[in-house]
Trainee: 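Dumping the structure here so I can ask a few things about it.
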Amino acid sequence: MFKWILAVVGFMFFRYPGAILGFIIGTLIDNWKRPSVGSQDQKVSPGDFELNLLSLASLVIKADGKVSQTELDYVRAYFVQAYGKERANATFRTFNEVIKSREISGQRIGLYLQKRTRYEVRLQILHFLFSIAKADGHVSEAELRELSEISAHLNLMRRDFESIKAMFFKSADNAYKILEIEKSATDAEVKQAFRTMAKKYHPDKLQHMDEAYRKGAQEKFTKVQEAYEHIQKERGI
């Protein structure tokens with residue numbers, strides 16, 4: 001926003017050279033003011049966030065004792081989409097160096113991120129990790145246990161874990177699980193649950209994140225809409 005304001009002001013006083021200078025200064029101000037991944041008193045740098053995210057991804061991939069090429073390809077494609085090929089490759093290189101000298105701890109990473117990131121960002125992390133596990137078409141019991149532990153380390157509420165989990169599993173009451181309600185809920189409670197979940201998963205909450213994260217938020221938001229429509233059709237409301 002500041003880059004355009006200062007560009008206009010610069011143009012008014014110094015014409016085109018002033019507009020260019022104002023645009024540059026405004027860009028620097030916008031970048032300085034742009035929210036980082038975290039919203040807590042302590043914040044995580046983009047580089048640290050990417051490395052920790054990749055570390056969590058590796059825990060999920062290795063959870064069942066075998067490394068799936070499909071899951072590896074999913075992670076690489078996700079990072080390239082989010083950060084670009086050059087930056088993604090640099091993150092992978094750094095990660096490969098780090099794991100040579102340090103064991104990956106889901107608990108340590110979870111504690112680190114829960115102090116430095118917004119709750120909705122951690123929800124998106126969990127959604128991303130579930131997507132990795134499902135990339136080969138099946139979430140194993142070992143992967144599910146790892147995901148559950150990571151969710152706890154990220155200090156996510158159990159009902160949110162179950163809601164996101166339901167987006168990747170098919171069952172008769174999935175729609176209710178996604179909306180975090182029981183099948184016995186009244187129509188009024190269903191409508192309220194939809195409003196609550198739509199607000200929680202609205203993509204606008206991740207506008208400060210890269211495109212891949214916003215896409216993930218849109219996927220969750222769509223699942224909530226589909227769950228509500230399914231219940232509406234089922235109940236005739």
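In what follows, residues are counted from 1 in the order of the sequence shown. Values in this document were obtained by computation on a predicted structure and should not be read as measured data.
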Trainee: Atom CG in Asp173, atom CD1 in Ile181: separation rounded to 0.5 Å?
Mentor: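 These two atoms lie 10.5 Å from each other.
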
Trainee: Quick one: list whatever passes salt bridge (Lys or Arg N to Asp or Glu O under 4.0 Å) with Arg159, sequence neighbours left out.
Mentor: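 Expected list: Glu180.
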
Trainee: Can you tell me how far CG of Leu147 sits from CD of Glu149, rounded to the nearest 0.5 angstrom?
Mentor: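 CG of Leu147 is found 9.5 Å from CD of Glu149.
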
Trainee: State, to 0.1 Å, how close Ser140 and Glu143 come at their nearest heavy-atom pair, and which atoms those are.
Mentor: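 Ser140 and Glu143 have their closest heavy atoms at N-OE1, 2.9 Å.
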
Trainee: Could you check whether His153 and Tyr112 have their ring centres less than 6.0 Å apart?
Mentor: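 Distance test on ring centres: not under 6.0 Å, no.
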
Trainee: Of all the heavy-atom pairs spanning Ala133 and Val60, show the shortest one and how long it is.
Mentor: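 In this case the closest contact between Ala133 and Val60 is CB-CG1, 4.0 Å.
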
Trainee: What verdict does the side chain to side chain contact (heavy atoms under 4.5 Å, CB included) test give for Tyr119 and Met157, after you've listed the backbone C-alpha separation in whole Å, the side-chain angles of each residue and the deciding distance to 0.1 Å?
Mentor: CA-CA 10 Å; Tyr119 192 82; Met157 289 183 285; 3.6 Å; yes

Trainee: Using side-chain heavy atoms (C-beta onward) and a distance below 4.5 Å, is Tyr83 in contact with Glu50?
Mentor: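 Yes - at least one pair of side-chain heavy atoms lies under 4.5 Å apart.
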
Trainee: Side chains of Glu226 and Thr222: any donor to acceptor distance under 3.5 Å?
Mentor: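 Thr222 vs Glu226: no donor-acceptor pair found between side chains.
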
Trainee: Taking the side chain as every heavy atom from C-beta outward, state whether Ile164 and Leu156 have any atom pair closer than 4.5 Å.
Mentor: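 No, side chains not in contact.
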
Trainee: Do you know which of Gln225, Lys199, Gln232 makes side-chain contact (heavy atoms from CB on, under 4.5 Å) with Phe194?
Mentor: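 Among the candidates, only Gln225 passes.
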
Trainee: For Ser163 and Ile178, which heavy atoms make the closest approach, and how far apart are they?
Mentor: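 Minimum heavy-atom contact is OG-O, 2.7 Å.
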
Trainee: Tell me, please, which residues at least two apart from Gln69 pass side chain to side chain donor-acceptor pair (under 3.5 Å).
Mentor: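 By the side chain to side chain donor-acceptor pair (under 3.5 Å) rule, Gln69 matches Asp73.
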
Trainee: Can you check whether Gln114 reaches Leu111 side chain to side chain, under 4.5 Å on heavy atoms?
Mentor: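 Of all side-chain heavy-atom pairs linking Leu111 with Gln114, at least one is under 4.5 Å.
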
Trainee: Given the rule that I, L, V, M, F, W and Y join up when any side-chain heavy atoms are under 4.5 Å apart, are Val80 and Leu53 in one cluster?
Mentor: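 Each belongs to a different hydrophobic cluster.
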
Trainee: Are any non-hydrogen side-chain atoms of Ser58 and Phe95 less than 4.5 angstrom apart?
Mentor: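 Of all side-chain heavy-atom pairs linking Phe95 with Ser58, at least one is under 4.5 Å.
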
Trainee: Measure across Thr91 and Leu51 and return the closest heavy-atom pair with its distance rounded to 0.1 Å.
Mentor: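 Closest pair (atom of Thr91, atom of Leu51, distance): O-CD2, 3.7 Å.
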
Trainee: Atom CG in Asn52, atom CD1 in Ile109: separation rounded to 0.5 Å?
Mentor: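 Rounded to the nearest 0.5 Å, the CG-CD1 separation comes out at 5.0 Å.
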
Trainee: Using side-chain heavy atoms (C-beta onward) and a distance below 4.5 Å, is Phe92 in contact with Arg76?
Mentor: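 Of all side-chain heavy-atom pairs linking Arg76 with Phe92, at least one is under 4.5 Å.
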
Trainee: So among Glu182, Lys183, Glu234, which one has a side-chain hydrogen bond (donor to acceptor under 3.5 Å, both in side chains) with Tyr176?
Mentor: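 Result for side-chain hydrogen bond (donor to acceptor under 3.5 Å, both in side chains) with Tyr176: Glu234.
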
Trainee: About how many Å separate CE of Met167 and NZ of Lys223, when rounded to the nearest 0.5 Å?
Mentor: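 With rounding to 0.5 Å, NZ (Lys223) is 8.0 Å from CE (Met167).
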
Trainee: Just so I know, are the side chains of Phe49 and Ile125 near enough to count as touching, which here means a heavy-atom distance under 4.5 Å?
Mentor: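 Answer yes - side chains close enough.
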
Trainee: Given side chains that start at C-beta, do those of Arg235 and Val190 come closer than 4.5 Å, heavy atoms only?
Mentor: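 A side-chain contact under 4.5 Å exists here.
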
Trainee: Using a strict threshold of under 4.0 Å (side-chain N to carboxylate O), is an ion pair present between Glu162 and Arg158?
Mentor: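 Result for this pair is yes, salt bridge flagged.
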
Trainee: With rounding to the nearest 0.5 angstrom, report the CD1 to CD distance, Ile132 to Glu71.
Mentor: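 Here the rounded value is 7.5 Å.
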
Trainee: Can you check whether Lys191 reaches Tyr228 side chain to side chain, under 4.5 Å on heavy atoms?
Mentor: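 SC-SC contact between Lys191 and Tyr228 confirmed.
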
Trainee: Can you list the steps and then say if Ser151 with Arg122 is a side chain to side chain donor-acceptor pair (under 3.5 Å)?
Mentor: CA-CA 8 Å; Ser151 178; Arg122 301 201 299 279; over 6 Å; no

Trainee: Would a distance-only check, ignoring hydrogens and angles, find a side-chain to backbone donor-acceptor pair under 3.5 Å from Lys177 to Ala166?
Mentor: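 No, Lys177 side chain to Ala166 backbone: no donor-acceptor pair under 3.5 Å.
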
Trainee: Determine the minimum heavy-atom distance between Ala63 and Ala142, stating which atoms define it.
Mentor: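 Looking at all heavy atoms of both residues, the shortest contact is O-CB, 3.5 Å.
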
Trainee: For Ser68 and Asp136, which heavy atoms make the closest approach, and how far apart are they?
Mentor: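 Answer, listing the atom of Ser68 first, then Asp136: OG-CB, 3.8 Å.
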
Trainee: Taking atom NZ of Lys62 as the centre, does the number of heavy atoms from other residues, nucleotides or ligands within less than 6.0 Å exceed 12?
Mentor: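 No, not enclosed.
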
Trainee: So, taking the atom named CG in Leu154 and the one named CG in Leu113, what distance separates them when rounded to the nearest 0.5 Å?
Mentor: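 Between Leu154 CG and Leu113 CG, I get 6.0 Å after rounding to 0.5 Å.
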
Trainee: Is it true that Asp160 and Lys200 make a salt bridge, defined as a side-chain N closer than 4.0 Å to a carboxylate O?
Mentor: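 Salt bridge flag = yes for Lys200 with Asp160.
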
